[in-house]
> 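Questions regarding the structure given below will be posed in turn.
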There are 2 protein chains.
Amino acid sequence: MREVARRANVSVATVSRALRSPGQVSSATIQKVRSAAEDLGYVYNVTASDILKGRSTVVGLVVPTSSSTLFGETIHGVQDVTAETGFSVIQGATRYDAVTEEALIDSLLERHVHALILTGMTYANEDRIRRLARDGWTRVVVVWEKPGSDPGISYVGIDNRSAAERMTEHLIALGHRRIGLIVGPYSRQARVRHRLEGYRDALEKAGIAFDPDIVMERRPDLLEGREAMDSLMGMEVRPTAVFAASDLLAIGALKAARLRGLSVPGDVSIAGFDDMNFGAYQDPPITTVRVEAYRIGQLAGQIAVEPIGTPERSYCLDCDLVIRSSTGPIKTTP
Amino acid sequence: MREVARRANVSVATVSRALRSPGQVSSATIQKVRSAAEDLGYVYNVTASDILKGRSTVVGLVVPTSSSTLFGETIHGVQDVTAETGFSVIQGATRYDAVTEEALIDSLLERHVHALILTGMTYANEDRIRRLARDGWTRVVVVWEKPGSDPGISYVGIDNRSAAERMTEHLIALGHRRIGLIVGPYSRQARVRHRLEGYRDALEKAGIAFDPDIVMERRPDLLEGREAMDSLMGMEVRPTAVFAASDLLAIGALKAARLRGLSVPGDVSIAGFDDMNFGAYQDPPITTVRVEAYRIGQLAGQIAVEPIGTPERSYCLDCDLVIRSSTGPIKTTP
DNA sequence: CTGTTAGCGCTTTCAT
DNA sequence: ATGAAAGCGCTAACAG
C-alpha cells in the first residue's frame, strides 16, 4: 500500500480511502490510485484491516465429516450467506472424534473467529463452548440439534427425537413389532441420543418392549450399516423392520439385505434418516426423514455473522417423513 | 496480551516469549504468565502474528461443490495435512460457475492466503491464476487434472484422458460399438474435456465413428444423469452401453434404465468414473474408475504449505478400472 | 478533499 | 532473563 501511495504521489491514507470508501476522494485521485495499484499488482489485505478494527470476518465451521452430501448442503448454506456479507469460512472436520474436535476448536479460536458453527458437538467439549459463549467471546451456533437453553448459544436444527418417534410409529403402523435400530454413537452426541429416545418413545406408546440386542451403535457410514444389518439379519428371531438413523446406514443395510437374498420391503422394511439425495436413487427408494440441510446452513450463517453481543436466536425446523418404497406392511406368515 | 502482562507484572514481550518460546524465559515467570493468561481467559491471536511476520498460515481451497463425497475426500486430505503444520483451510464452492469462482478467488486473495488449491479451474480464470503463480504471490496447486506446464503452478491429479480411454476400451472389448457418453460441461473444464478426448481416442482406435448425438453434456449430478440417460434410451437406435464420466451421473443413469424396465447390464451397460463410495452399493454395483481422492488432497496440502518460492511440483496418480457388474457383454440379438 | 499521527495485537531487535 | 521501542498493513480521528 505504501508502494501504491508513492507511485500515485499521495499518502497511504488516501490510498486506503480511494480503494475502500471512494465517496471521500476526488475521482481524479481515485483514478491515479487505481492505476497505480493495478500496475503494482496490489492486493488489499483484509486481515490487516480486521486486526486494526479489532474484529474478524471469518467464521469457523466444524462438521463431523466433509465428505457427506448432507453436511455438504449445510456447508453450502453457510457459505452462501457468509459470502454475501464478506465473511470467509474456515472449515474443519472432526471425524467424530472428540480430540480432533478440540484441536480444531482451539485453532479456530486462535484465529479469533467471529463465530463458531458447530455440527454435532460432542459432550467432551460442551463446557468449554458454553463458557466461551457466555463470555461473549465469539458467537456460537449449534447446528442439527433441537434448541437447548444456554446463554449465548444459538441453535438451528430439528427435533430429532420427535422425528425418530414418528418414523418408528410409521413402522409400527405397518404392523412391525420387532424393529431394529442402527444408530450413531449416542453416548457422545445429543443429536443421536435423541433419535434413540424417539425410537423408545414410540415403542413404549405401542406397548412394545425395548430390546437392546437389536440396537446397534455404529459410525454412520455405508460399511457399518451393512455390517450392522448383517448381524441383525443373522439373528434367530430377526427384526421385520430396521430403522437406520441415517441414510448412509440405510443404504448399507439395503446392500446387506440384498446380499442375503432378502427382499425389501417384502422380507424386511428399511427406513433411513436425513433424506440424502442418493436415497431416492436406490432400489427400492428409501423411506426417510426429510431434513432441510441447506436451510439449516443458511440460518446458521445468518446468525453467525450478526455482531457480537446480538442475543442468541434459535430455530427448530419441521421435518416430514418421506414414505418411499423401502418400507411396507409386515409379511403375514401363511 | 497487555492485560496479561499487567496482571503478571511483566512486559508484553515477556508474555509473548513465555507463551510462544518458553526456552528464553525463567520457569517462574512462565508460571506467572500462564496463570495470568488462564485467569483472564486470554486466547492467542494467530492473525496478528501473521500480519507482523508478513506471512499467512491459511490456505484457500476452491471446490466445485462441497456436497460431494468425492471432493469431500480431497478436502479431508488437504485438511489433515495442513492441520499438522498449523495451517487453516478457508474453503469455498464454485457450483461450477465461473463468476462465483472468480469472486471466491478474489476473497481468498484479499486474505493473502499462503496458497490456493484449485479444483476444476474454469478457463475463465486461468490467466489470472497463471499471473499470480508466476509472480510468486501465492502458491498455486491445481488439483484433479493432469500436470500441465505453467511456471509456479503445481498439479496433483490423474490422467483423465487415458482413464476415459481405457474405460471406453473396456466397453468396446465387451462388444459395444454404440456407446453413449454423459459428461460434464467440457467447454469450461479441462478435466472434463480430457475425458471426452479419451473417449474419442478409444473410438477412433476401434474404428468407430464419433456420433455427437449420443454425447450429453450435463452438470454432474444425479438428476441430470437420469435425464440424460432417459434421452439416450429414448432414441431410435439406442446405445448398448453408456459411459457416464462421473459416478453421480452413472447412478442417475441407472435409475433411468430401471424406470424404463431395462436390465443393467443385460439391456444396457453403464460405467461411471471416480469410484465414489456409493457406487459399490448400487444394484448392480457400478463399474468405474478408481481415483484416490484423499491421496490427491494430501499431496495438494503438502505442496500448498511449502514456503513461497519453493519450485512447483507435480504428481500424476495412476487410476485403475474397477470392473463391477454394471457392465457386461453386448446382448446378441437372437 | 488530503496529509499526519496514532495504534490494533503481536514479535523482534537491542539494551540492560 | 527481561524491558523498551520499532513496526507489520491497515484505518480513524483530527488538522489543514
Side-chain angles (χ1 to χ4, degrees), chain A residues 1-34 36-37 40-58 86 88 106-114 137-138 307-308, chain B residues 1-34 36-37 40-58 86 88 106-114 137-138 307-308:
Chain A
M1 189 148 175
R2 205 160 37 215
E3 300 266 313
V4 178
R6 190 173 312 142
R7 195 173 228 271
N9 283 315
V10 292
S11 71
V12 284
T14 305
V15 174
S16 170
R17 284 189 283 248
L19 265 22
R20 308 296 293 181
S21 23
Q24 311 170 29
V25 185
S26 79
S27 49
T29 318
I30 292 181
Q31 283 314 319
K32 264 196 313 190
V33 172
R34 286 240 177 96
L40 294 168
Y42 167 80
V43 181
Y44 176 69
N45 189 334
V46 208
T47 314
S49 160
D50 276 3
I51 278 277
L52 178 62
K53 295 198 182 156
R55 57 162 197 190
S56 161
T57 50
V58 176
S88 293
D106 279 338
S107 80
L108 257 15
L109 291 177
E110 292 205 334
R111 296 207 182 266
H112 286 223
V113 290
H114 178 83
W137 207 87
T138 359
I308 301 278
Chain B
M1 189 148 173
R2 201 154 48 205
E3 301 265 312
V4 179
R6 189 170 317 142
R7 195 174 229 272
N9 282 315
V10 292
S11 70
V12 284
T14 304
V15 174
S16 171
R17 283 189 282 247
L19 264 22
R20 309 294 294 182
S21 22
Q24 311 170 30
V25 185
S26 78
S27 48
T29 317
I30 292 181
Q31 281 315 318
K32 264 197 309 188
V33 172
R34 286 241 176 95
L40 294 167
Y42 167 80
V43 181
Y44 177 68
N45 189 334
V46 207
T47 314
S49 159
D50 276 4
I51 278 275
L52 179 63
K53 296 199 184 154
R55 57 161 198 193
S56 160
T57 49
V58 176
S88 292
D106 280 338
S107 80
L108 258 15
L109 292 178
E110 292 205 334
R111 295 206 183 265
H112 285 223
V113 290
H114 179 83
W137 206 88
T138 356
I308 300 277

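Predicted model only: the values in this text are computed from it and were never measured. In what follows, chains are A, B, ... by sequence order, proteins preceding strands, each numbered from 1.
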> For residues 15-27 of chain A, tabulate all N or O donor-acceptor pairs below 3.5 Å that involve a side-chain atom, not counting sequence neighbours.
unit_1: A:S26; atom_1: OG; unit_2: A:T29; atom_2: N; d: 3.3
unit_1: A:S26; atom_1: OG; unit_2: A:T29; atom_2: OG1; d: 2.6

> Which heavy atom of B:S107 sits nearest to which heavy atom of A:S88, and what is that distance?
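So the minimum-distance heavy-atom pair works out to OG-OG, 4.5 Å.
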
> Where is the tightest heavy-atom contact between B:W137 and B:I308, given as atom of each residue plus distance?
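That would be O-CD1, 4.0 Å.
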
> Anything under 4.0 Å to a heavy atom of chain A counts; send over the first and last such nucleotide of DNA chain D, read 5' to 3'.
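Result: D:dC8 to D:dA13.
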
> Would you give the length of the straight line joining atom CE of B:M1 to atom CG of B:L40, rounded to the nearest 0.5 angstrom?
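So the CE of B:M1 and the CG of B:L40 are separated by 12.5 Å.
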
> For residues 44-56 of chain A, which side-chain N or O atoms pair as donor and acceptor with protein atoms under 3.5 Å away, sequence neighbours left out?
unit_1: A:Y44; atom_1: OH; unit_2: A:S49; atom_2: OG; d: 3.4
unit_1: A:N45; atom_1: OD1; unit_2: A:T47; atom_2: N; d: 3.0
unit_1: A:N45; atom_1: OD1; unit_2: A:T47; atom_2: OG1; d: 3.4
unit_1: A:N45; atom_1: OD1; unit_2: A:A48; atom_2: N; d: 3.2
unit_1: A:S49; atom_1: OG; unit_2: A:R55; atom_2: NH2; d: 3.3
unit_1: A:D50; atom_1: OD1; unit_2: A:R55; atom_2: NE; d: 3.0
unit_1: A:D50; atom_1: OD1; unit_2: A:R55; atom_2: NH2; d: 3.2
unit_1: A:D50; atom_1: OD1; unit_2: A:T57; atom_2: OG1; d: 3.4
unit_1: A:D50; atom_1: OD2; unit_2: A:T57; atom_2: N; d: 3.0
unit_1: A:D50; atom_1: OD2; unit_2: A:T57; atom_2: OG1; d: 2.9
unit_1: A:S56; atom_1: OG; unit_2: A:V58; atom_2: N; d: 3.2
unit_1: A:S56; atom_1: OG; unit_2: A:H112; atom_2: O; d: 3.1

> Looking only at heavy atoms, which two atoms of B:A8 and B:A36 are closest? And how far apart?
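For B:A8 versus B:A36, the nearest heavy atoms are CB-CB, 4.0 Å.
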
> What string of B, S and - do you get for nucleotides 8-16 of chain C, 5' to 3', if B is base contact, S is sugar-phosphate-only contact and - is no contact with any protein heavy atom under 4.0 Å?
BBBBBB---

> Suppose we screen for side chain to side chain donor-acceptor pair (under 3.5 Å). Which residues come up paired with A:D106, at least two apart in sequence or across chains?
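Once residues adjacent in sequence are excluded, the partners of A:D106 under the side chain to side chain donor-acceptor pair (under 3.5 Å) criterion are A:R128.
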
> Can you name the residues that form a salt bridge (Lys or Arg N to Asp or Glu O under 4.0 Å) with B:R7, not counting sequence neighbours?
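B:R7 satisfies salt bridge (Lys or Arg N to Asp or Glu O under 4.0 Å) with B:D39 only.
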
> Between C:dC1 and A:T29, is there an OP1 or OP2 to side-chain N/O distance shorter than 4.0 Å?
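The answer is no; no side-chain N or O of A:T29 sits under 4.0 Å from OP1 or OP2.
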
> If an axis is fit to five pairs at each end of the helix from C:dC1-D:dG16 to C:dT16-D:dA1, what is the angle between the two, to the nearest 10°?
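Between the first-five-pair axis and the last-five-pair axis there is 40°.
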
> Where is the tightest heavy-atom contact between B:K32 and B:V10, given as atom of each residue plus distance?
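In terms of heavy atoms, the two residues are closest at NZ-CG1, 4.0 Å.
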
> Run the side chain to side chain donor-acceptor pair (under 3.5 Å) test against A:T138 and tell me which residues pass, sequence neighbours left out.
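A:T138: no side chain to side chain donor-acceptor pair (under 3.5 Å) contacts found.
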
